[in-house]
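Structure first, then comments.
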Amino acid sequence: MKIGILGCGYVGSVTGAGFAELGHDVLLVDIDEAKVNLLNAARVPVYEPGLEELIARNKARLHATDNVEMLADRALIFICVGTPSNEDGSIDLTYIRSAAEDLGGVLAQTSTFQLVVVKSTVVPGTTETVVKPALEAASHKTAGSEFGLAMNPEFLREGSAVTDFFEPDRIVFGTEDERSQHILEALYRPFHCDKMSTTIRTAEMIKYVSNAFLATKISFANEVGNLCKRSGIDVYEVFRGVGLDRRINPAFFRAGIGFGGSCFPKDVKALIAEAQARGEDPRILRAVIQVNEAQPLKLLELLQRHISDLRGRRIGLLGLAFKPDTDDIRESRAVPVVERLQAEGAVVVAYDPQAMAAFAKRFPQITYASPADVLTSDAVLIITEWPEFERLDYTGKLVIDGRRLAKAKQEAAVYEGVCW
Ligand code: NAD
């Protein structure tokens, strides 16, 4: 099938490369010329394990452009543009709106039936009340008969996005017309996982509720972890026991310094804003965010037990990405930690295997160094659980660990773990 992808970030580039691997002809479109040039040179616009190889292997079937009109010959077009937060936490639909307007112009030029599939995470109702009217107005065509419209939420995780593309837990199709439904079913036939067909609004909601539930598990684990820490109990042992209950899935009870990334914080906040706009007070979700915002500051609390006055003290950070195996720093827990360290007058020295360039754009004033340099600091804070940090030598160091690094615990002269 001729597939088009609008938006070549983490989701768009992995989805495009994945479908090319399955034999489809894929055209990626992005307004960011740098990403387009990288993709056409068979290079990756984002760091994701396995993606570069996948793109290189499929370069004959994978092309990129910044000209949206080139999508005119595509039978199916995925919208994968970003849906960030507004200042108040509500969803910012600027990119979705402009993508839909651009695509409407494309649909206007064609006489064939094209299917537009929203893959971006959007609050329930967006596909039908924002995307559909924009497509119809610009194309002068009717959704459901002259072109197809569907919502197919994406569940991939950064860091394992390529594997997640090929081995998803489930695929959800939100459709309102049979033709769109059949096209999506045919596209996803090679995937042997659970597949669920539902309405567009329900598909949109499934994505938010999945993320909100996982975020809730993490904040719950952190609240329990904070209590366990005070009681001298190992929270991971507690959840190992809790997880043996078949009604409770053991995954994701990850006590630590909280969740970050491009999805959980923004999606929980968007769901809160959506609930409030509809007259509901989502108390659990508000608490999930409150716990998450307080959690990284636990590191500072533990650090100041040992160095109460941080002025002029050299504090090293290991890890800046929001999790291992990504260069993404969106909502990384490193951000509030660095802000607080700077406010306290500390000299911050940091290392991350992939995310230093992105972090330096936001924090040019801190020093970026090798892991060995970071380890010469007065104290070392572990922010991200990159596997390579398990190979460093922590002997004689003061280590404050947000992520449970066994080697650091064994070797450090002084060790404090947020969840250990
Ligand atoms: P991203 O910011 O990495 O990429 C979005 C891309 O869209 C950018 O390259 C941007 O230049 C491009 N873009 C914006 N407007 C455009 C337009 N009009 N035409 C063409 N390109 C345009 O975002 P992402 O992380 O890939 O996320 C995309 C969507 O998928 C979001 O809604 C997100 O919530 C959702 N999602 C993300 C993940 C994840 O792990 N990153 C997982 C599941 C779902």
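Counting starts at 1 for both ligands and their atoms, following the listed order. In this text the structure is predicted, and so the values were computed from the model without any measurement.
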Which parts of the protein, at residue level, reach under 4.0 Å of ligand 1 through a heavy atom?
-> Leu6, Gly7, Cys8, Gly9, Tyr10, Val11, Val29, Asp30, Ile31, Asp32, Lys35, Cys80, Val81, Gly82, Thr83, Tyr95, Ser98, Ala99, Asp102, Ser120, Thr121, Glu154, Leu156, Glu158, Lys207, Ser262, Cys263, Lys266, Arg330

State which residues pass side-chain contact (heavy atoms from CB on, under 4.5 Å) with [X]; sequence neighbours excluded, sorted by chain then number.
{"X": "Phe155", "value": "Pro153, Arg170, Val172, Ile206, Lys207, Ser210"}
{"X": "Arg254", "value": "Tyr236, Phe252"}
{"X": "Ala275", "value": "Glu280, Pro282"}

Could you tell me whether the side chains of Ser219 and Asn222 share a donor-acceptor contact shorter than 3.5 Å?
-> no

With Ile272, the side-chain contact (heavy atoms from CB on, under 4.5 Å) member among Leu285, Asp88, Asp267, Ile284 = Leu285

Are the side chain of Asp327 and the backbone N or O of Tyr47 linked by a donor-acceptor pair below 3.5 Å?
-> yes

